[in-house]
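Side chains included, hydrogens not; waters and symmetry mates left out as well; all remaining heavy atoms used. Per chain, numbering begins at 1; letters A, B, ... match sequence-line order. Predicted, not measured: the structure shown is a model, and the values here were computed from it.
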Amino acid sequence: MRLYNTMTRQKEELVPITEGHIGMYCCGPTVYQFAHIGNMRTYIFMDILRRAIHHNGYTLTHVMNITDVGHLVSDADDGEDKLEKSAKSQNKTPWEIAEYYTGVFMRDIAELNVARPELTPKATEHIPEMIEFVRGLIANGYGYETSDGIYFDVQKLPDYGKLSRANLEDQIAGARVEVNLEKRHPADFALWKKAPPEHIMQWESPWGMGFPGWHIECSVMSRKYLGDKFDIHTGGVDHIPVHHENEIAQSEGYLGHSAVNFWVHGEFMMVDGGKMSKSLGNVYTVEELKARGYSPLHFRYLCLNAHYRNKLNFTWEGMDAAKTSYERLAAAVHAHKGAGDVGEAALEDYKKQFFDAVDDDLNVPKALGILWNMVRSLEKSDEIYTLALEFDKILGLSLDIPPSDGDAGEIDAEVEALIEKRQAARKAKDFAESDRIRDELKAMGILLEDTKDGVKWKRG
RNA sequence: GGCGCCAUAGCCAAGUGGUAAGGCAGCGGACUGCAAAUCCGCGAUUCCCCGGUCCGAAUCCGGGUGGCGCCUCCA
């Protein structure tokens, strides 16, 4: 399969470092508040990549960090710890906050059919390794101490900025970061911070009590679980200029060589044409989607309809379209179940087209189109059903679950009585009355369908 | 000021040199007492604009215009 490598800015054939096996690290959540649907888009992308790797016959070790020690709130060198801020406002310890939001996150991704990575290490459980890593960087001449921490000396690394192709000198002019006079260069970043006494999360270190900088956990945990060189590193595009650039600097400064073969980044989700972010506060969560009558899989479908490297503009209109499409697709797939075989040679062709699309830098929108063509253009066949489920191993849309008939679920006596009454009116050809009752039920959120097998209803 | 992405029907969205996938919405028909649901049929002579290369361009090159992102925590 081919993947777009941000480092080289082109699609490249994925050739595993170890034959038959892929090591992948994905930047995970900072667990101090609810993850929003923009975050979820990235994890859905990560999940599709997982599935494609498996389909190509590789075994996979997938690591996703849980950041349970705060990144700082304002900028690189100062500010309040996010976890601590959240903890204070909720009167809980940072550990309680982290545990709670980790649980919510895991439940959310499970509902989105995002498989849990093999390893989900926590930053706070790797403090000794981080300290050791920082010591190694200092020993290699890349770290220096100031009054408030240990910093990475970016000027020691000639190709610093290569991932984002940023020019250090050009960046300085427009930089909005406050000048820290003790730093040797404005782009130098903290590896370890010395903690003020009121900082709740702090650990002993050779430099006194403190806590890790923002980027060190990824360098440390990816190396610990995947080795000095691994295949794929993913994350959101926002991480390209700072987080991943610094991670590269750390890993290369420590190891003396690059640690990652493929850098793969997922684009952002926008809301109503603009940016969605925690700091702007215009965020939605999976919970809110559910409250509005959409299932997590409706959202997954929405994400699958756009390529991971393109921005996806989230609107409620788009959400409606995704819901309708998803329900119809599931029904269309299911309509093939149990039908006689057609022995179509065309099936092989669909199969090839589908997986070719997936293997071409995860072109899932195209693959989805191929699935639609298949379920709609051929006569009914159980073979199509079986093949659709094979496609679903990539898509993860639970297409094997039969669409609900509507008739299931609780119904109260009042509604039941109205339906009976309407049936009686219809029988008596009092259509004015029967239509009136139908409208009344509609206002109550009950939609009726008169089928050959009698009246059916569903909530709408 | 620097770096980068994008621009395809009402909306979402594939397509990266060979003559415009797919979905949603809409319209027409079937079905229905009428609807709903479902099924069948229909939509871009054209891909933001202007030039250029080529037998041939939505796709490549040059120049515009417009939108967005990053350079500050952020998926």
Opposite nucleotide pairing with [N], Watson-Crick or G-U, both atom distances under 3.5 Å:
| N | result |
| --- | --- |
| B:A36 | none |
| B:C27 | B:G41 |
| B:C55 | B:G18 |
| B:C48 | B:G64 |
| B:U72 | none |

In whole Å, what is the span from the [atom1] atom of [X] to the [atom2] atom of [N]?
| X | N | atom1 | atom2 | result |
| --- | --- | --- | --- | --- |
| A:Lys162 | B:C71 | NZ | C1' | 20 Å |
| A:Lys366 | B:G22 | NZ | P | 13 Å |
| A:Ile240 | B:U72 | CD1 | C1' | 17 Å |
| A:Leu163 | B:C5 | CG | C1' | 15 Å |
| A:Tyr326 | B:A13 | OH | C1' | 20 Å |
| A:Tyr4 | B:G4 | OH | P | 11 Å |
| A:Ile370 | B:G15 | CD1 | C1' | 11 Å |
| A:Met374 | B:G23 | CE | C1' | 16 Å |

Just checking [X]: base, sugar-phosphate only, or nothing, at a heavy-atom cut-off of under 4.0 Å?
| X | result |
| --- | --- |
| A:Gly235 | sugar-phosphate |
| A:Met270 | sugar-phosphate |
| A:His239 | sugar-phosphate |
| A:Pro365 | base |
| A:Leu368 | nothing |

Please report the distance separating the [atom1] of [N] from the corresponding atom of [M], rounded so that it comes out in whole Å.
| N | M | atom1 | answer |
| --- | --- | --- | --- |
| B:A7 | B:A13 | P | 10 Å |
| B:C70 | B:A21 | C1' | 33 Å |
| B:C47 | B:C60 | C1' | 16 Å |
| B:G43 | B:G10 | C1' | 11 Å |
| B:U32 | B:C48 | P | 46 Å |
| B:A9 | B:A20 | C1' | 11 Å |
| B:G67 | B:G26 | C1' | 27 Å |
| B:C40 | B:C31 | P | 16 Å |

Item to check | Residue whose nearest RNA chain B nucleotide is more 5′ - A:Pro241 or A:Glu267 | outcome: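 The answer here is A:Pro241.
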
Item to check | Residue whose closest nucleotide on RNA chain B lies nearer the 5' end, A:Thr315 versus A:Asn373 | outcome: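 First, find each residue's nearest nucleotide; the 5'-ward one identifies A:Thr315.
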
Side chains of [Y] and [X]: any donor to acceptor distance under 3.5 Å?
| X | Y | answer |
| --- | --- | --- |
| A:Tyr350 | A:Ser377 | yes |
| A:Glu217 | A:Asn65 | yes |
| A:Tyr43 | A:Asp108 | no |
| A:Tyr225 | A:His126 | yes |
| A:Glu247 | A:His239 | no |

Protein-nucleic acid N or O pairs under 3.5 Å, nucleotides 24-33 of chain B:
{"residue": "B:C24", "atom": "OP1", "partner": "A:Arg328", "partner atom": "NH1", "Å": "2.7"}
{"residue": "B:A25", "atom": "OP2", "partner": "A:Arg328", "partner atom": "NH1", "Å": "3.2"}
{"residue": "B:G33", "atom": "O6", "partner": "A:Arg426", "partner atom": "NE", "Å": "3.2"}
{"residue": "B:G33", "atom": "N1", "partner": "A:Asp435", "partner atom": "OD1", "Å": "3.0"}
{"residue": "B:G33", "atom": "N2", "partner": "A:Asp435", "partner atom": "OD2", "Å": "2.7"}

Item to check | Out of B:A14, B:A75, B:A37, whichever nucleotide has its closest atom nearest the side chain of A:Asn39 | outcome: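 Between B:A14, B:A75, B:A37, the one nearest the side chain of A:Asn39 would be B:A75.
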
Checklist entry - Does the cation-pi check pass for A:Lys323 over A:Tyr294, that is, NZ or CZ under 6.0 Å from the six-membered ring centre and within 45° of its axis? => result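 Yes, A:Lys323 and A:Tyr294 form such a contact.
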
Next on the checklist: A cation-pi test, strictly: NZ or CZ of A:Arg41 under 6.0 Å from the centre of the six-membered ring of A:Phe268 and no more than 45 degrees from its axis. Yes or no?
Outcome noted: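 The answer is no, since A:Arg41 fails at least one limit relative to A:Phe268.
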
Checklist entry - In terms of the angle between their ring planes, are A:Phe354 and A:Phe391 parallel, tilted or perpendicular, with boundaries placed at 30° and 60°? => result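 Rings of A:Phe354 and A:Phe391: parallel, as their planes differ by under 30°.
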
Checklist entry - Do the rings of A:Tyr326 and A:Tyr301 sit parallel, tilted or perpendicular, given the 30° and 60° boundaries? => result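 If you compare the ring of A:Tyr326 with that of A:Tyr301, the planes turn out perpendicular.
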
Item to check | Test log, rule side-chain hydrogen bond (donor to acceptor under 3.5 Å, both in side chains), inputs A:Gln250 and A:Asn246 | outcome: CA-CA 6 Å; A:Gln250 290 169 344; A:Asn246 293 345; over 6 Å; no

Item to check | Sub-4.0 Å heavy-atom contacts from residues 303-313 of chain A onto RNA chain B, ordered by number | outcome: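 Going residue by residue through residues 303-313 of chain A, the ones with a heavy atom under 4.0 Å of RNA chain B turn out to be A:Asn305, A:Ala306, A:His307, A:Asn310, A:Lys311.
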
Item to check | Near-parallel close stack of A:Phe268 and B:A75 base (under 5.5 Å, under 30°) | outcome: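 By the stated criterion, A:Phe268 and B:A75 stack.
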
Item to check | Atom of A:Thr120, atom of A:Met106 and distance for their closest heavy-atom approach | outcome: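 A:Thr120 and A:Met106 have their closest heavy atoms at CG2-CE, 4.0 Å.
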
Item to check | CA sep, side-chain torsions, deciding dist, call: A:His336, A:Ser381, side-chain hydrogen bond (donor to acceptor under 3.5 Å, both in side chains) | outcome: CA-CA 5 Å; A:His336 287 277; A:Ser381 156; 5.7 Å; no

